[in-house]
Amino acid sequence: MDLKGLRINSKRLRNSLEEMATIGATPNGGVQRLALSDEDKKARDLFVKWLKELDMGITIDDMGNIFGNRPGRNDSLSPVMSGSHIDSQPKGGRFDGILGVMGTLEALRTLHENKVVTERPIIIADWTNEEGSRFAPAMLGSGVWSGTLDRDWVYDRTDNNDKRFEDELTRIGYKGSEPSGKWPVHAYYEYHIEQGPVLEKEGKIIGAPKGILCLHWYDVYLEGEANQVGPTPMEGRHDALCAAAEMILKMNELPQRMGGDLVATVGEIQNYPNSRNIIPDKVHFTVDIRSWDDSHVLKAWELLRRDFDEIAGRRGCPIRIEETWQVRHASFDERLVKGILGIAKETGYSSLYMVSGAGHDASYMNRICPTAMIFVPSIGGRSHVEVENTRWEDCEAGANVLLQAILQSANEK
Ligand code: HGY
Ligand code: MN
Ligand code: MN
């Protein structure tokens, strides 16, 4: 059989994506499938059911990572892996993460129905808690599997309702018995929407990122002094929310001050007691800073940290900072990235060598084995929103390139 001519079944891929999009569907066409939620469980159950239909061996490890194993001709060889994540952002999109899991599933369905036997085994992965929205930081499942994060530290992470990661994992029935830990991998591919405007602007279909920016997450806690808003003079207030507001504007000026590709965002804030006629006395907010250059981010943070200390001192609002998460930038395997660009050309899709501003489990996989990603355009460059969208023909194109990339690597001796 001419394996190079093999193509996925785009209708079946679309049906799987549309069925998954009904799980946690939100009113404006998005999904909410927060990690370890009931919706995450439902989608996991459906994914496991579909894996069983392909007679795949299934492993669920004690981080809830789900692996489907497709044997090869020579199972003593290390496997090719491909996957992404099923969890979503709150009011997130129908493609982020799930496209990579369904794209890999569709590739395996295509191999199965064509009775293709590859030299190497192939493993499909659903990584737990990639988003880091409910349980911070992100990529906890692949973080423990790759040996980067400590399991017990992750187990004790709590969400904003003080629910523990481990308890929620147990509650949804996905705390597997298999200890989460890496094994040798021949190559890892992750198929994902770009989540930015570049492919659409350049009019290209397939993106082949050279790698992923470094990501630094910080949590900032401010203490003020609560009081009645009416009788308390402005002079001498210790208003934690005004201190936070000044800090957030300082953060927003940072990329301008630092130059380069730096991006910095405050995405989450809690204000206490959050009553309109009480001066706020407690504020927590998050800081996300990214760049290709790790030292650039560290310099930026040092600058910002000094600004924060000055503002906290001047306003009499003591500050506490947690350096929650740092993932260094990931440079993908040149050979695999070139392979993807070559496959795009052979399969007749335009392509672009680029960089990923979004974090992915591929960052951690890149520490274990040769890794590369395949991007397809996000309409309007939008993601992490209910209007997140990608053309079906682009979903098909990306899945075809993924199929050929998996075949290429899985038939390497
Ligand atoms: O933060 C990110 O880029 C990813 O969505 N976890
Ligand atoms: Mn994602
Ligand atoms: Mn995401």
Side-chain angles (χ1 to χ4, degrees), residues 17 20-21 24 26 30-35 37 40 43 65 82-104 125-143 146 148-149 154 157 188-198 207 209 211-219 261-268 286-292 297 324-330 354-366 371 373-378 381-390 395 398 402:
L17 285 164
M20 278 289 184
T26 57
V31 294
Q32 177 148 320
R33 267 197 311 265
L34 297 182
S37 64
D40 186 15
N65 297 316
S82 175
S84 195
H85 60 93
I86 286 180
D87 68 307
S88 83
Q89 288 283 334
K91 297 222 178 344
R94 291 173 296 131
F95 295 87
D96 178 359
I98 196 68
L99 177 63
V101 183
M102 294 299 105
T104 306
D126 162 38
W127 299 109
T128 298
N129 194 80
E130 186 281 340
E131 291 293 1
S133 172
R134 180 181 180 196
F135 293 101
M139 297 150 43
L140 293 179
S142 57
S146 62
T148 315
L149 298 178
V154 171
R157 301 303 286 173
Y188 175 76
Y189 293 102
E190 186 159 352
Y191 171 30
H192 206 285
I193 50 171
E194 176 204 339
Q195 301 183 286
V198 175
I212 299 176
L213 302 185
C214 77
L215 287 93
H216 288 217
W217 282 8
Y218 304 95
D219 284 83
D261 64 347
L262 198 89
V263 287
T265 316
V266 169
E268 186 180 340
T286 63
V287 177
D288 175 314
I289 310 180
R290 305 185 187 195
S291 165
W292 183 255
V297 171
T324 308
W325 190 45
Q326 296 189 359
V327 184
R328 55 177 184 272
H329 86 264
M354 58 192 295
V355 68
S356 174
H360 302 284
D361 296 300
S363 260
Y364 282 142
M365 288 306 289
N366 192 54
T371 294
M373 291 190 77
I374 296 161
F375 277 177
V376 285
S378 292
R382 301 294 305 279
S383 181
H384 280 190
V385 288
E386 292 174 286
V387 296
E388 178 182 282
N389 200 357
T390 293
C395 291
L402 176 69

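Counting starts at 1 for both ligands and their atoms, following the listed order. Below, each value reflects all heavy atoms present in this structure, side chains not excepted, and no hydrogens, waters or symmetry copies. Count residues from 1 along the sequence.
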Quiz item: Does a side chain donor of either H85 or N129 reach within less than 3.5 Å of an acceptor in the other side chain?
Solution: no
Exercise. Answer yes or no: is there a donor N or O on one side and an acceptor on the other, between the side chain of R134 and the main chain of A35, under 3.5 Å?
Key: yes
Quiz item: For the Mn ion (ligand 3), does an N/O/S atom of E130 lie at less than 2.8 Å?
Solution: no
Practice problem: For atom 6 (N) of ligand 1, grab the closest protein heavy atom and report residue, atom and distance to one decimal in Å. | Solution: E130 OE2, 3.0 Å
Exercise. Taking both backbone and side-chain atoms into account, decide whether H384 has an N/O/S atom under 2.8 Å from the Mn ion (ligand 3).
Key: yes
Exercise. Specify the closest pair of heavy atoms between S88 and V31, including all atoms of both residues, with the distance to one decimal.
Key: OG-O, 3.5 Å
Exercise. Compute the shortest N/O to N/O distance between Q89 and ligand 1 and return yes if it is under 3.5 Å, no if not.
Key: no
Quiz item: At the Mn ion (ligand 2), what's the angle from H192 NE2 to H85 NE2, rounded to 10 degrees?
Solution: 110°
Exercise. Please determine if H384 has a nitrogen or oxygen closer than 3.5 Å to a nitrogen or oxygen of ligand 1.
Key: yes
Self-check item: Polar atom proximity, A358 to ligand 1 (N or O, under 3.5 Å)
Solution: no
Exercise. Examine all N, O or S atoms of H360, backbone included, and report whether one is under 2.8 Å from the Mn ion (ligand 2).
Key: no
Quiz item: Does a side chain donor of either S383 or Q195 reach within less than 3.5 Å of an acceptor in the other side chain?
Solution: yes
Quiz item: What protein heavy atom is closest to atom 5 (O) of ligand 1, reported as residue, atom name and distance in Å?
Solution: E131 OE1, 2.9 Å
Self-check item: Interatomic distance, S82 atom OG to Y191 atom OH [nearest 0.5 angstrom]
Solution: 10.5 Å
Quiz item: Which heavy atom of G141 sits nearest a heavy atom of N65, and at what distance?
Solution: O-ND2, 3.1 Å
Quiz prompt | ligand 1 contact on H360 by region, counting heavy-atom pairs under 4.0 Å | solution = neither
Quiz item: Considering distance alone, does some N or O of R290 sit under 3.5 Å from an N or O of ligand 1?
Solution: yes
Quiz item: If you look at D96, which of its N/O/S atoms is nearest to the Mn ion (ligand 2)?
Solution: OD1
Practice problem: For ligand 1, note which part of H85 has a heavy atom under 4.0 Å away: side chain, backbone, both or neither. | Solution: neither
Exercise. Mark yes or no for whether D288, through its side chain, and G267, through its backbone, hold a donor-acceptor pair below 3.5 Å.
Key: no
Quiz item: Per the side chain to side chain donor-acceptor pair (under 3.5 Å) rule, which among E386, K91, Q32 passes with T26?
Solution: E386
Self-check item: Sub-4.0 Å atoms of ligand 1 with respect to non-hydrogen atoms of G359
Solution: 2 (C), 3 (O), 4 (C)
Quiz item: Which heavy-atom pair separates D87 from W127 by the least distance, and what is that distance?
Solution: OD1-O, 4.2 Å
